[in-house]
Amino acid sequence: MLDKKVVELLNSQVNKEFYSAYLYLDFSNYYHDLGLEGFGNWYRVQAQEERDHAMLFMQYLLNNGEKVELEAIEKPNIKITSAKAVLSEGLEHEHYVTGLINSIYDAAYSVKDFRTMQFLDWFVKEQGEEETNAENLVRKFALFGDDPKGLYMLDSELGARVYTAPSLVI
Ligand code: FEO
């Protein structure tokens, strides 16, 4: 049996991760619409990763004999203003998600739930990587995005990203 508060936060994280997938699909569609297929691909792959995160949280609850309550997924609520601004919004969203993961960790720590802490370790590391990736996108766009050739090259680079299943087995 897991602590009630920890379960509540883990259950809510299932929804937050699905929301992240939704948000990134929205970003992806925006880029596809602009003709920036590579950016669109990058965010579509990111959406697949977010869906995986949701499934991992869900499976962890099931593995521990807890019920999962699926909530409605909110409509993406970030207003997209430009190809450049999307990237900063993405970075900000990852900071927000890191905060959520830290809060669950904090709740698990306070009740000495070492199993959940160990499960969350992977997400702590993953968030570090995702923040770095998002920062790199912001930086690269600032460097090359205003030049058509630079943007074309960047779009080609991002088009090469392929989906791989998460390394975490629970
Ligand atoms: Fe699943 Fe990007 O946080």
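Order of listing sets the numbers, starting from 1, for every ligand and every atom in it. When a residue number appears, it is its place in the shown sequence, counting from 1.
Note on atom 1 (Fe) of ligand 1: protein N/O/S atoms under 2.8 Å are E17 OE1, E50 OE1, H53 ND1.
In this structure, H93 has its ring center closer than 6.0 angstrom to the ring center of Y24. For F119 and F57, the ring centers sit closer than 6.0 Å to each other.
There is no side-chain donor-acceptor pair under 3.5 Å between H95 and Q127. Using modelled atom types and a 3.5 Å distance limit, the side chains of Y31 and D155 yield no donor-acceptor pair. Side-chain N/O atoms of W42 and S28 include no donor and acceptor closer than 3.5 Å.
Evaluated for a ring pair (Phe, Tyr, Trp, His ring centres under 6.0 Å) with H53, the options W122, Y60, Y19, F18 yield exactly one hit, W122.
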